[in-house]
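On a predicted model such as this, the values are computed, not experimentally measured, just so you know.
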Amino acid sequence: QVRMVESGGGSVQAGGSLSLSCQVSGMDYGPACMAWFRQPPGKEREGVAAIYTGSGGTYYADSVKGRFTISRDNAENTLYLRIHSLQPEDTAMYYCAAARGGLGWCGYVQSNAMKFWGKGTLVTISS
């Protein structure tokens, strides 16, 4: 059974940095697409970053390129999202998600392709 648990959210001032973590269990074999999504208040959920474990390739939404960094610690089975230069519009519930496979489609960071989800961690940015 796959389980994903996010942590690291909180209230941060604009301009600061934040690191989110996602502890993953039950996905110890085969390549996978692991991703971060966010849902701002009153808006739809959007994919912001993904990593394909088969190659280590990373993918980012245009809106976050240069400020967000996705990474994975294989030994700790943990997915990370590092956010720099936080802006009020980064306020959202952040979710980690995963699906087995991912070759050829992981980079599209589409929520309907993900099979496993965490419950989310809230990030609030104050100006």
Side-chain angles (χ1 to χ4, degrees):
Q1 181 178 357
V2 176
R3 188 164 180 257
M4 307 184 76
V5 181
E6 303 94 338
S7 61
S11 297
V12 183
Q13 283 198 324
S17 299
L18 196 65
S19 185
L20 305 180
S21 301
C22 175
Q23 186 69 43
V24 184
S25 59
M27 292 197 72
D28 298 331
Y29 62 92
C33 180
M34 294 185 164
W36 287 94
F37 292 79
R38 69 181 180 183
Q39 186 165 18
K43 297 185 179 180
E44 293 187 354
R45 185 165 54 190
E46 63 171 340
V48 294
I51 184 167
Y52 175 56
T53 66
S55 64
T58 57
Y59 311 92
Y60 298 93
D62 289 341
S63 59
V64 305
K65 279 181 181 176
R67 295 195 302 118
F68 285 34
T69 303
I70 189 171
S71 63
R72 179 172 175 255
D73 185 325
N74 293 337
E76 297 293 329
N77 291 321
T78 303
L79 183 70
Y80 297 99
L81 184 70
R82 181 73 177 170
I83 310 173
H84 299 280
S85 301
L86 283 157
Q87 303 166 2
E89 49 265 39
D90 293 322
T91 294
M93 185 70 82
Y94 284 74
Y95 301 89
C96 59
R100 292 192 171 90
L103 181 63
W105 55 263
C106 186
Y108 295 105
V109 203
Q110 295 292 320
S111 61
N112 58 7
M114 297 294 139
K115 301 301 182 187
F116 310 106
W117 291 84
K119 295 185 182 301
T121 186
L122 182 63
V123 173
T124 303
I125 311 302
S126 57
S127 57

Participant: Is there a side-chain contact between C33 and M114 (heavy atoms, below 4.5 Å)?
Facilitator: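 SC-SC contact between C33 and M114 confirmed.
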
Participant: Around atom CZ of R100, are there more than 12 heavy atoms of other residues, nucleotides or ligands at under 6.0 Å?
Facilitator: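 Enclosed.
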
Participant: Taking all non-hydrogen atoms of both residues, which atom of C96 and which atom of L79 are closest, and how far apart?
Facilitator: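 Smallest interatomic distance, heavy atoms only, reads CB-CD2, 4.2 Å.
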
Participant: I need the I125 CD1 to S85 OG distance, nearest 0.5 Å.
Facilitator: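 Answer rounded to 0.5 Å: 11.0 Å.
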
Participant: Do R82 and H84 have side-chain heavy atoms sitting under 4.5 Å apart?
Facilitator: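 A side-chain contact exists here, since the closest heavy-atom pair is under 4.5 Å.
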
Participant: Between OG of S63 and CG of D90, what distance do you get to the nearest 0.5 Å?
Facilitator: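 Going from the OG atom of S63 to the CG atom of D90 covers 8.5 Å.
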
Participant: Under a 4.5 Å cut-off applied to non-hydrogen side-chain atoms, are R45 and Y95 in contact?
Facilitator: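 Sidechains of Y95 and R45: in contact.
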
Participant: Identify the two heavy atoms, one from A92 and one from P41, that lie closest to each other, and give their separation to 0.1 Å.
Facilitator: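 What the structure gives for the nearest pair is CA-CD, 4.5 Å.
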
Participant: First locate atom OG of S17, then atom CD1 of I83, and finally report the distance between them rounded to the nearest 0.5 Å.
Facilitator: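 Answer rounded to 0.5 Å: 9.0 Å.
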
Participant: For the pair E46 and R38, evaluate salt bridge (Lys or Arg N to Asp or Glu O under 4.0 Å) and give the outcome as yes or no after the intermediate values.
Facilitator: CA-CA 6 Å; E46 63 171 340; R38 69 181 180 183; 2.6 Å; yes

Participant: Which pair of heavy atoms, one from A99 and one from W105, lies closest together, and at what distance?
Facilitator: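 Of all heavy-atom pairs spanning A99 and W105, the closest is CB-CH2, 3.8 Å.
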
Participant: Enter the distance from L81:CG to M34:CE here, rounded to the nearest 0.5 Å.
Facilitator: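 These two atoms lie 14.0 Å from each other.
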
Participant: Are the side chains of M27 and F116 in touch, meaning some heavy atoms are under 4.5 Å apart?
Facilitator: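 Yes, side chains in contact.
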
Participant: Under a 3.5 Å cutoff, is there a donor and acceptor pairing between the side chains of T78 and Q23?
Facilitator: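 Side chains of T78 and Q23: pair found under 3.5 Å.
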
Participant: Could you give the distance from OG (S25) to CZ (R3), rounded to the nearest 0.5 Å?
Facilitator: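 Separation between the atoms: 6.5 Å.
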
Participant: Check whether any side-chain heavy atom of E6 lies under 4.5 Å from a side-chain heavy atom of L20, and answer yes or no.
Facilitator: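 A side-chain contact is absent here, since even the closest heavy-atom pair is not under 4.5 Å.
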
Participant: Under a 3.5 Å distance rule, please check whether E44 uses its side chain to pair with a backbone N or O of Q39 as donor and acceptor.
Facilitator: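 Answer holds: no.
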
Participant: Is V64 reachable from M93 through a run of I, L, V, M, F, W or Y residues, each pair having side-chain heavy atoms under 4.5 Å apart?
Facilitator: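 Different clusters: M93 never reaches V64 through Ile, Leu, Val, Met, Phe, Trp or Tyr contacts under 4.5 Å.
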
Participant: A side-chain contact here means heavy atoms from C-beta on lying under 4.5 Å apart; do Y59 and Y52 qualify?
Facilitator: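 Sidechains of Y52 and Y59: in contact.
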
Participant: Examine distances only and state if a side-chain atom of T121 and a backbone atom of G9 form a donor-acceptor pair shorter than 3.5 Å.
Facilitator: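 Side chain of T121 to backbone of G9: a pair is present.
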
Participant: Strictly distance-based, threshold 3.5 Å: is any side-chain N or O of T53 a donor or acceptor partner for the main-chain N or O of A32?
Facilitator: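 Pair found, side chain donor or acceptor close to backbone of A32.
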
Participant: Using the benzene-type ring in the case of Trp, are the ring centres of W117 and F37 under 6.0 Å apart?
Facilitator: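 When the ring centroids of W117 and F37 are compared, they turn out to be within the sub-6.0 Å range.
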
Participant: For Y60 and F68, work out which heavy atoms get closest and say how close.
Facilitator: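 Minimum heavy-atom separation between Y60 and F68: CE2-O, 3.1 Å.
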
Participant: Please tell me if the side chains of C22 and V24 come closer than 4.5 Å, counting only heavy atoms from C-beta onward.
Facilitator: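 Touching, per the 4.5 Å side-chain cut-off.
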
Participant: Are the side chains of V48 and V109 in contact, using a 4.5 Å heavy-atom criterion?
Facilitator: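 Sidechains of V48 and V109: no contact.
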
Participant: Side chain of E89, backbone of Q87: donor and acceptor closer than 3.5 Å?
Facilitator: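 No.
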
Participant: Hey, what do you get for CG (L122) to OG1 (T91), rounding to the nearest 0.5 Å?
Facilitator: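 Answer rounded to 0.5 Å: 8.0 Å.
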
